Amino acid sequence: MPHLRLFLMILGLLLAPVAAQAQAVQSPAAAALVGLGPQRTERIEAELVAMSQWATPGSTLIVAVRQDIQPGWHTYWRNPGDSGGPTTLDWTLPAGVRAGEIVWPLPERQRLESLVNYGYSGSVLLPVPIEVPASARPGQVLALRTQALFMVCSDQMCVPDELPLALDIEVRDGAAPLDPAYGAAIQAVLAQAPRPAPIQARIALENGRLTLSAAGGPLAGADIGRAHFFAFQGGIVDHAADQTATRGDAGLTLTLAPGRGARGGLTGPVAGVLATDAGAWEITAEPGAALRGTTGRAISGEAGERQAAAEGATTAAGLLQAALLALLGGLILNLMPCVFPILAMKAAALSASAHETRVARRDGLLFLAGVLATFLVLAGALLALRAGGQAVGWGFQLQSPAVIAVLGLLMLAVALNLSGVFDIGGSLQGGAGRLSHVSGGAGAFLTGVLAVVVAAPCTAPFMAVALGAALVMPWPAALGVFLMLGLGLALPYVVVSLSPGLLRRFPRPGPWMERLRRLLAFPMYGAALWLAWVFARQTGGAALALLFGAGLLLALALWLFGLMQHERTAGRRGWLSGAAALIALALAAVAGVAAARAPAVEPGEASGETVLASQPWSPEAVRAAQGEGRPVLVNFTADWCVTCKINEGAALSSARVGQAITATNAVYLVGDWTRRDDAIARELERHGRSGVPLYLLYPAGGGEPRILPQLLTEGLVIESLQEAAR
C-alpha cells in the first residue's frame with residue numbers, strides 16, 4: 001500500500017499541467033488574462049490591465065498601467081512641469097510584439113509653493129497600444145512584462161518607486177469583448193485623451209511674450225470658453241504663469257510667458273496639447289506670425305478657472321469687505337513711520353491755513369485728489385503688468401534702482417525746500433506764508449502724490465489682505481479697493497480740513513511755524529539717506545558714488561535757484577545764478593542717469609541681512625527642512641520695506657529668538673524681494689498677499705504654514721516657534 005500511495009502521488013504531479021490545460025479549455029475567459037496582480041509601495045499601487053479579454057492576431061491590443069496613488073502624493077505627465085519626472089516603462093515582450101508610447105490623459109496643474117507641475121493624483125489609467133503580429137497563433141499566451149518607474153511626490157519629498165508589472169493574455173480569433181473589470185474605463189480614457197487634429201498653429205516671441213495662434217479643424221466654429229497650452233518640452237513655457245486667450249472666427253490665440261529655454265528665442269516648432277472645454281488636441285506650432293481670425297473676444301485661460309472663481313467671489317459682500325479692510329488699512333498707514341514726514345508737513349500746513357476756512361477746505365480736497373490719483377496710477381500700472389504676465393506686487397516700483405534714485409533726489413529737494421534753500425510759489429518774506437503756501441493748491445495736490453509714493457515701503461495691518469484680494473478681482477473692483485486704501489490714507493487730514501470747529505483749535509500762525517518747517521526738513525533728509533542706502537543695496541558702491549554726485553549737484557542747483565530768487569526780490573535779474581542753476585541741474589541729471597544705469601550687483605550680494613543665521617528661501621529649502629521634521633520660519637522682506645526692517649530689529653534679531661530657533665531645531669529662511677524675483681512674487685500671491693512683509697511658519701509635522709501678523713513682537717515669534725515644534 002505505501003508503494004501504491006507513492007505511485008499515485010507521482011502520477012498526480014505528472015498530470016497536473018494537463019489538468020490545468022483542460023480546465024483552461026473549459027473556462028476560456030478565466031484563463032485569457034493572468035497577471036502578477038497589483039504591486040504596492042507605501043505611496044502607490046500599480047497593475048497592468050487590458051481593455052479586451054483577449055488579443056487578436058494582427059491587431060492592436062490596448063493595455064494600461066493602473067495607478068492608485070495615496071492621498072497627498074502624485075505622479076507626473078510626460079512633461080512634469082517645474083519638477084519631478086514622467087512615468088517610464090521598460091518593456092520585455094515576446095518576439096514580434098511591440099509596445100507603443102503611453103497615451104497620456106490630460107494632466108492636472110499641481111501648484112506646489114511657487115512651482116507648477118503637471119501630473120496625476122488618485123486613480124489613473126495610462127493606456128499603451130501593443131501591436132500583436134499577424135503570425136501570432138490562436139491559443140498562444142503573450143507574456144507582457146514591464147519595469148515601471150514612477151516618480152511619486154508629495155509637497156515634502158519625492159520617491160522613485162520601481163515596480164515589476166506583468167500580464168499574460170491569450171491570443172484568439174474574432175473580435176474581443178471589453179474586459180469586465182477595466183475595459184470600459186480604459187475606453188473612456190482613450191476617448192477623452194488628446195489626439196492629433198488638422199489644426200494649423202503658429203508661435204512667435206514678441207516683447208518678452210509667446211503668442212500661440214491656432215486655427216482650423218475642430219476649432220472653427222467651436223464654442224470655446226477656456227483654453228490652456230501644455231507644452232511637451234519643459235522650459236519653453238513658464239508653467240506657473242497665467243495664460244490669457246482670445247477667440248476669433250477661425251480659432252484662438254494664447255498669450256504665454258516664455259520659460260528659460262525660450263527667452264533667447266525659438267529654435268524650432270513647439271509641440272504640445274491645446275486643451276479647451278470643447279476638447280483637447282495635440283498640435284505643433286511652427287514659428288511665424290499669428291494666424292488670421294484667431295483674435296477678438298477675450299476668453300479665459302486655464303488660469304481663468306481662478307479668475308472665474310474670483311469673479312464669482314466678488315459679490316457685494318466680498319467687495320464690501322475688501323473695501324472696508326482697505327479703508328482701515330489706509331487709516332492705520334498714517335501711523336507707519338514712512339508716512340510721518342509727509343503728514344507732519346501737512347499738519348503744519350493745516351495750522352497755517354486753519355483760520356482761512358476756504359483755503360483749508362481747498363487744500364484738503366486737493367490733497368485727497370493727489371492721493372487718489374496716485375493710487376489710481378499705481379494700481380493701473382500694477383494690474384496692467386500682472387495682466388501681461390508679470391509677477392509684481394505692492395511696492396513693485398521700489399524694486400527699480402532708477403525709481404529709488406529719483407525718489408531719493410526728490411526727498412533731498414523737499415528737504416532743501418523746507419530748510420529754506422529755495423522757495424516754490426510762496427513769498428520769501430514771512431515764514432508762515434512760505435510754509436502754508438509752498439505752492440498753493442498745486443502744492444497740496446503734489447503733497448498727496450508724495451504721500452503715496454513714500455507710503456509704498458510700508459504695509460499696515462488689514463492692508464495686505466485687502467490688496468491680495470484686489471489682485472484677483474476684476475479690474476473695476478480692484479481699482480475700487482485701491483481707491484478705498486487711498487481714501488483711508490487721506491481721510492484724517494480731509495476730515496480736519498472740512499471741520500471749522502476743529503480748525504479753530506489750531507494755534508494761529510507765527511514764527512513758530514518757520515522753526516517747525518526747518519525741523520521737518522530733517523526727516524526728509526533721513527528719508528533721502530535711507531533711499532540712498534536701499535539704492536546701494538540694489539546696485540553697489542560705484543552706483544552709489546554717482547548718486548551722491550547727483551545729489552550734490554542737485555543741492556547746488558537748488559541753492560543757485562534760491563539765490564536767483566533772492567536777487568529778483570532785491571530788484572536784480574539774477575541771470576547768472578539762474579544759468580548756473582540750469583547747468584548744475586543738467587549735470588545732476590546726467591549723474592543720476594549714470595547711477596541708475598550702473599551695473600547691478602548679483603542678487604545674492606543685495607540680499608537682506610539679519611542678525612539671526614539664515615538661509616535663502618526657496619521651495620526646495622522648505623521641502624528639505626520639512627522632510628527632516630523641522631519647523632520652518634520664512635521671512636519675505638525687502639530693504640525698501642520699512643515695516644520689514646522694524647520687525648527685523650524688534651522681533652527677529654534678538655538673542656531670545658535665536659535661542660528659540662536653536663531650541664526648536666527650526667530653520668530660518670529669508671526671501672529677499674529688494675529686487676524683482678518672480679518666484680517670491682508668486683509665493684506671496686499664493687498666500688493672498690501682494691507685497692512684503694509676509695511671515696510664514698511651517699509646523700514640524702508638515703502641512704500648510706501659519707501666517708504670522710505683519711507687526712511682530714519677540715514674544716509672539718518665540719511662542720509661535722514653540723507651537724510649531726510640537
Side-chain angles (χ1 to χ4, degrees), residues 341-342 345 349 366 370 373-374 377 397 400-431 433-451 453-454 514 517-518 520-532 534-536 539 542-598:
I342 297 298
M345 289 172 56
L366 286 173
T374 310
V377 170
Q397 69 276 15
S400 166
V403 172
I404 293 292
V406 170
L407 289 179
L409 295 175
L410 177 61
M411 296 300 172
L412 176 62
V414 172
L416 291 171
N417 176 260
L418 293 172
S419 294
V421 173
F422 71 103
D423 185 75
I424 298 178
S427 168
L428 287 171
Q429 300 172 353
R434 186 162 48 188
L435 181 61
S436 61
H437 301 291
V438 173
S439 55
F445 182 87
L446 292 175
T447 307
V449 173
L450 193 60
V453 170
V454 300
E514 181 65 20
R517 168 182 172 154
R518 301 297 174 95
L520 290 176
F522 291 96
M524 304 309 294
Y525 284 124
L529 289 174
W530 167 68
L531 287 167
V534 174
F535 181 81
T539 56
L544 180 63
L546 288 170
L547 183 63
F548 280 160
L552 179 63
L553 289 167
L554 176 64
L556 175 61
L558 295 177
W559 177 79
L560 289 169
F561 179 69
L563 181 61
M564 181 191 72
Q565 289 180 316
H566 279 286
E567 290 176 346
R568 289 188 173 181
T569 302
R572 298 189 296 272
R573 295 182 177 179
W575 285 354
L576 182 60
S577 54
L582 288 176
I583 294 172
L585 186 63
L587 292 174
V590 171
V593 171
R597 291 184 175 180

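One is the number of the first residue; the rest follow in order along the sequence. Computed from a prediction, not measured in an experiment: that's the story for all the values here.
- In this structure, the side chains of L547 and L409 come closer than 4.5 Å at one or more pairs of heavy atoms.
- Looking at every heavy atom in both residues, F445 comes nearest to A373 through CZ-CB, 4.1 Å.
- Here the shortest heavy-atom pairing between P401 and T539 reads CB-CG2, 3.6 Å.
- Across all their heavy atoms, A521 and S419 have their closest contact at CB-OG, 3.3 Å.
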Hey, mind stepping through F422 and L560 against side-chain contact (heavy atoms from CB on, under 4.5 Å) and telling me if it holds? CA-CA 8 Å; F422 71 103; L560 289 169; over 6 Å; no
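- Rounded to the nearest 0.5 angstrom, L416 CG and W559 CH2 are separated by 12.5 Å.
- Residues F561 and L582 are not in side-chain contact: their nearest non-hydrogen atoms beyond the backbone lie 4.5 Å or more apart.
- Between M524 atom CE and L529 atom CG the span is 11.5 Å, to the nearest 0.5 Å.
- Residue A595 comes nearest to L546 through the heavy atom pair CB-CB, 3.6 Å, listed as atom of the first residue, atom of the second, then distance.
- Counting all heavy atoms, side chain and backbone alike, F535 lies closest to A543 at CE2-O, 3.4 Å.
- L558 has its side chain within reach of L554: a pair of non-hydrogen atoms, C-beta onward, lies under 4.5 Å apart.
- E567 approaches S577 most closely through the heavy-atom pair OE1-OG, 3.1 Å.
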